[in-house]
Amino acid sequence: MIRWLVERRSYPVQALLVCLASVVGCGDDSAPTRDAGTDAPLIPDAPMMRDGGPRCESEAECDDRVMCTRDLCIDGTCRNVVDNTNCADELFCNGVEICDPIRGCMPGPLETCSDGNVCTIDRCDEEAKVCQYGPRDFDEDGEADFFCEGGTDCDDRDPTRGSLVAEVCDDGVDNDCDELTDEATCGRPRYDTCDDALDVSAGGFFELDSTGATPDYELDCAPRGRRDMVLTFTLTESQNVTVTAEGRSTTYIGLRTTCDDSDTETECAGGFPGQMAARALEPGTYFLIVADIGGDLAIDVEFSEPTPPPANETCDMPMDVSAGGSFPSTFIDVNDDEMTSCGSTRAPDLTYSFTLTETRDVTVSAIGEGPDNIAIGVYTTCGEAGSELRCARGAPSSAHLYSLAAGTYFIVAEGSAAREANFTLDVVFGAPTLPPPGDQCSNAIPLVAGVEATGTLAGFQDDEAISCGFFFRDAIYSFELTEASDVFVDFDAGGFGYMSVRSDCDDIASETRCSTGNPTRTRLRNLAPGTYFIIVEATSGTGYSLNLTTQSPPSVPTPVTGNDVCGSAHVIPPTGGLYSGSTVPALNDLSTRLCGSNATSRDVMFELTLTERKSVFATLDGSSYDTVLHLHRTSCVDRGEIACNDDMGGGSSTSALDRELDPGTYYYVVDGFGSASAGDYIFEVIVSDPE
């Protein structure tokens with residue numbers, strides 16, 4: 001148990017006291033309780049345990065404050081039994097959660113669904129809670145590779161060849177994979193070319209089959225190689241048109257005035273299903289290019305009375321919404337004139353304005369007809385990015401502004417770049433109120449070391465940008481350091497979370513660390529005295545807990561240089577150590593086969609020799625770049641690799657390895673993700689007796 005505390009460095013000292021006083025599995029009580037690299041005990045005169053736990057008369061005396069353990073009093077002795085079922089989140093694809101006797105619920109290994117068969121494409125289906133295995137189909141033409149059992153595709157790199165493809169005449173290619181070329185039955189499926197377009201001028205629902213179609217016409221918004229079908233319609237009067245197409249995967253729709261001329265393409269959209277809309281098309285003949293990977297296609301074509309364009313497309317003519325209420329509108333054929341801080345590029349937008357004669361609370365929300373996000377920006381000056389007061393994004397999206405002073409304000413509603421859809425904007429005014437504590441930098445909640453803070457993100461707004469986060473609502477805390485300290489922060493939101501630590505709340509440039517994970521943990525060494533802020537956000541607006549632990553005097557790493565190659569690897573003593581250095585001056589000497597996109601970045605080496613079996617926890621927590629840590633046995637070569645870690649817990653750029661190692665010589669390689677990750681590192685190795 002002592003080893004777990006030293007390794008993780010993220011659990012309050014009180015928890016260690018509880019461990020020493022009560023729980024089973026706290027380790028060998030005769031073992032020395034020392035921090036790595038020091039001679040000082042973590043807790044002087046720590047009491048000794050009897051029979052694995054203290055004496056008790058009731059289960060209430062055995063509470064270890066770990067929610068997932070079962071606290072029992074058996075034969076007068078406390079027993080704290082881990083129960084993984086208490087940690088189950090009912091999600092299949094993120095693996096089976098485990099109960100850690102110190103830290104509580106922890107994520108388990110992800111469900112990879114790998115079956116080791118090169119002829120299958122493996123994926124995890126969360127809705128069905130099963131692993132699914134489909135045939136290998138690299139060119140996505142709907143046919144499995146010929147070299148796999150049951151495969152019919154003689155060229156899995158070319159979507160225009162397969163057993164379901166019609167033989168094309170006079171091209172000298174075996175298109176249908178029957179080992180014959182240009183046989184008498186050659187030809188194309190119907191509606192495959194501009195010369196054979198399907199007339200849909202009357203509108204309606206159409207069922208087509210793009211199996212065997214060839215990619216003849218490139219669309220602006222679609223990947224190359226998609227099988228395409230051609231539809232056409234003629235308008236005798238101005239009309240709105242909406243086309244929805246659903247195939248076996250993402251389906252793309254292009255609208256042109258000349259079928260084989262991409263320069264006349266006025267609309268292009270893709271989705272599952274794909275939807276393309278155009279407003280007030282002039283009389284004339286048009287062509288629809290519908291592209292997908294091949295197979296059944298369901299296409300719905302609707303014509304309706306023409307509608308005029310929205311009058312509030314630019315900041316010059318915003319719609320006045322000062323009276324509040326609901327305002328139906330559309331992004332169809334609307335240009336991208338403005339840019340909100342939380343919106344998308346090339347997305348259509350509309351502008352609104354409202355005037356307050358007195359201080360009021362204002363809530364602005366938007367909901368669209370489809371699943372796409374809508375961004376809402378509120379400004380004091382329309383079109384001026386520096387005047388943005390709030391930006392919210394979601395499906396639906398909602399922004400609340402507290403005690404907004406009298407004056408005129410502007411709203412920019414921004415849609416999706418992938419789909420033009422109708423939406424409704426709602427504006428509600430209310431009596432002025434103050435934001436909840438922690439919603440803004442000005443009312444950050446004081447955080448006390450060793451005292452757990454709990455709260456909820458419901459009702460909060462996204463006020464501060466953090467480098468590793470998104471457009472989620474956030475809560476803000478502050479803490480004071482009177483002396484240089486190591487700082488440990490633990491944020492658990494019951495899902496994926498994001499956490500920024502900085503010295504200036506409103507300035508992202510002052511960010512010292514930004515961490516992600518489930519839960520989210522970070523450690524900052526030797527933080528100078530002063531005031532700091534913690535900004536936390538999460539994918540859900542539910543409850544969370546936040547814990548701060550400090551340690552003073554701080555740990556001081558040993559600077560290391562010259563350990564670029566195995567022959568000059570820095571030797572770690574059998575008791576472990578804490579080191580700092582940089583991989584920037586080094587070369588790429590040793591890659592990995594196991595993780596980190598082969599980690600061909602600049603690297604440095606450390607050597608550890610053990611004379612007996614030990615538990616070794618090695619971490620790069622606190623490093624300044626996207627690290628990779630790999631471990632090699634006996635000889636410092638690729639083939640001696642036994643372990644590799646890229647992002648510990650799958651949610652941050654911190655790498656760590658926690659293993660029990662037999663006697664022998666080992667090499668730890670401090671590396672970087674891919675081929676271009678290098679920087680300053682902190683490397684800590686903690687050696688302890690196995691449990």
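Computation of the quantities below employed the complete heavy-atom set of this structure, encompassing side-chain atoms and omitting hydrogens, waters and symmetry-equivalent molecules. Keep in mind the model is a prediction, meaning the values are calculated, not measured.
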Q | T251 side chain vs D292 backbone, donor-acceptor pair below 3.5 Å | A | no
Q | For Y498 against G469, the heavy-atom pair lying closest together | A | CD2-CA, 3.8 Å
(Q) Is any side-chain heavy atom of L281 closer than 4.5 Å to one of N240? (A) no
Q. Tell me, do P318 and F410 make a side-chain contact under 4.5 Å, heavy atoms counted?
A. yes
(Q) As an exercise, state the distance from OG of S397 to CD1 of I376, rounded to the nearest 0.5 Å. (A) 3.0 Å
Q) Can you tell me if S500 uses its side chain to pair, donor with acceptor, with the backbone of I466 under 3.5 Å? A) no
Q. Counting N and O atoms only, with roles assigned by atom type, does the side chain of R390 sit under 3.5 Å from a partner on the main chain of A399, one being a donor and the other an acceptor?
A. no
Q. For C154 and R161, which heavy atoms make the closest approach, and how far apart are they?
A. SG-NH2, 3.4 Å
Q | Test salt bridge (Lys or Arg N to Asp or Glu O under 4.0 Å) applied to R346 and D336, step by step | A | CA-CA 6 Å; R346 300 179 60 187; D336 177 21; over 6 Å; no
**Q.** Donor-acceptor contact below 3.5 Å, side chain R419 vs main chain G270
**A.** no
Q. For the side chain of N645 and the backbone of A656, is there at least one donor-acceptor N/O pair under 3.5 Å apart?
A. yes
Q: Please test I253 against I289 for side chain to side chain contact (heavy atoms under 4.5 Å, CB included), starting from the C-alpha separation and ending with a verdict.
A: CA-CA 6 Å; I253 308 169; I289 312 296; over 6 Å; no
**Q.** Audit row: V670, T583, side chain to side chain contact (heavy atoms under 4.5 Å, CB included) steps and yes/no
**A.** CA-CA 8 Å; V670 177; T583 61; 4.2 Å; yes
Q.
Would the distance check show the side chain of N598 and the main-chain N or O of T600 forming a donor-acceptor pair, the cut-off being under 3.5 Å?
A. no
Q.
Taking D462 first and then R473, would you say they form a salt bridge - that is, a charged N and a carboxylate O separated by under 4.0 Å?
A. no
Q. Does the side chain of I299 come within less than 4.5 Å of T244's, by heavy atoms?
A. no
Q | Any residue meeting side chain to side chain donor-acceptor pair (under 3.5 Å) with S341, in chain and number order, not counting sequence neighbours | A | E388
(Q) Nearest 0.5 angstrom please: D199 CG to Y191 OH, how far? (A) 10.0 Å
Q.
Quiz question: by atom type and distance under 3.5 Å, do the side chains of T181 and D174 form a donor-acceptor pair?
A. no
Q: Any pair with a residue in residues 247-306 that passes ring-ring contact (aromatic ring centres under 6.0 Å, His included), sequence neighbours left out, goes on the list, sorted by first then second residue, please.
A: F233-Y286, F233-F303
**Q.** Side-chain (S623) to main-chain (Y625) donor-acceptor, under 3.5 angstrom
**A.** no
(Q) Please report the interatomic distance CE(M319) to OG1(T351), rounded to the nearest 0.5 Å. (A) 9.0 Å
Q | side chain to side chain donor-acceptor pair (under 3.5 Å) between T242 and Q275, worked out | A | CA-CA 7 Å; T242 302; Q275 185 177 78; over 6 Å; no
Q) Does the side chain of R279 come within less than 4.5 Å of P306's, by heavy atoms? A) no
Q. What pair of heavy atoms forms the shortest contact from S601 to G672, and how long is it?
A. OG-O, 3.4 Å
Q: State, yes or no, whether a side-chain contact exists between D296 and E207 at a heavy-atom distance under 4.5 Å.
A: no
Q: Could you tell me whether the side chains of T520 and S515 share a donor-acceptor contact shorter than 3.5 Å?
A: no
Q: Indicate yes or no: does E218 engage R224 in a salt bridge with an N to O separation below 4.0 Å.
A: yes
Q: Could you tell me which non-hydrogen atom of G162 sits nearest to which non-hydrogen atom of D153, and how far apart they are?
A: CA-OD1, 4.0 Å
Q | From CA spacing to verdict: side chain to side chain contact (heavy atoms under 4.5 Å, CB included), E420, D333 | A | CA-CA 7 Å; E420 297 174 339; D333 288 350; 3.8 Å; yes
(Q) I'd like to know if the side chain of D603 reaches the main chain of D589, judged simply by a donor and an acceptor atom lying under 3.5 Å from each other, with no hydrogens or angles considered. (A) yes
Q: Enter the distance from T214:OG1 to R226:CZ here, rounded to the nearest 0.5 Å.
A: 14.5 Å
Q: Working to the nearest 0.5 Å, report the span between SG of C644 and NE2 of H632.
A: 8.0 Å
Q: Step by step, work out the side chain to side chain donor-acceptor pair (under 3.5 Å) result for E143 and T152.
A: CA-CA 6 Å; E143 296 189 61; T152 57; 2.6 Å; yes
(Q) Please find the pair of heavy atoms, one from A197 and one from L231, that lie closest to each other, and give the distance. (A) CB-C, 4.2 Å
(Q) If I take atom OG1 from residue T232 and atom CG from residue D196, how far apart are they, to the nearest 0.5 angstrom? (A) 11.5 Å
**Q.** Close side-chain approach of L288 to V243, heavy-atom, < 4.5 Å
**A.** yes
Q) Under 3.5 Å, side chain of R227 to main-chain N/O of A213, donor-acceptor pair present? A) yes
Q: Applying side chain to side chain contact (heavy atoms under 4.5 Å, CB included), run through L198 and L208 and close with a yes or a no.
A: CA-CA 10 Å; L198 172 65; L208 305 181; 3.9 Å; yes
Q: Find out whether D337 and E313 are in side-chain contact, i.e. whether some heavy atom of one side chain is under 4.5 Å from a heavy atom of the other.
A: yes
Q) Are the side chain of E537 and the backbone N or O of G497 linked by a donor-acceptor pair below 3.5 Å? A) no
Q | Nearest heavy-atom neighbours spanning G494 and N518 | A | C-OD1, 4.2 Å
Q) If you measure only the distance, is there a donor-acceptor pair under 3.5 Å linking the side chains of T340 and E414? A) yes
Q: Specify whether F327 and Y352 have parallel, tilted or perpendicular ring planes, treating 30° as the upper limit for parallel and 60° as the lower limit for perpendicular.
A: tilted
Q. Do the side-chain N and O atoms of S365 and S398 include a donor-acceptor pair separated by under 3.5 angstrom?
A. no
Q) Can you find a pair of side-chain heavy atoms, one from E641 and one from L631, that are under 4.5 Å apart? A) no
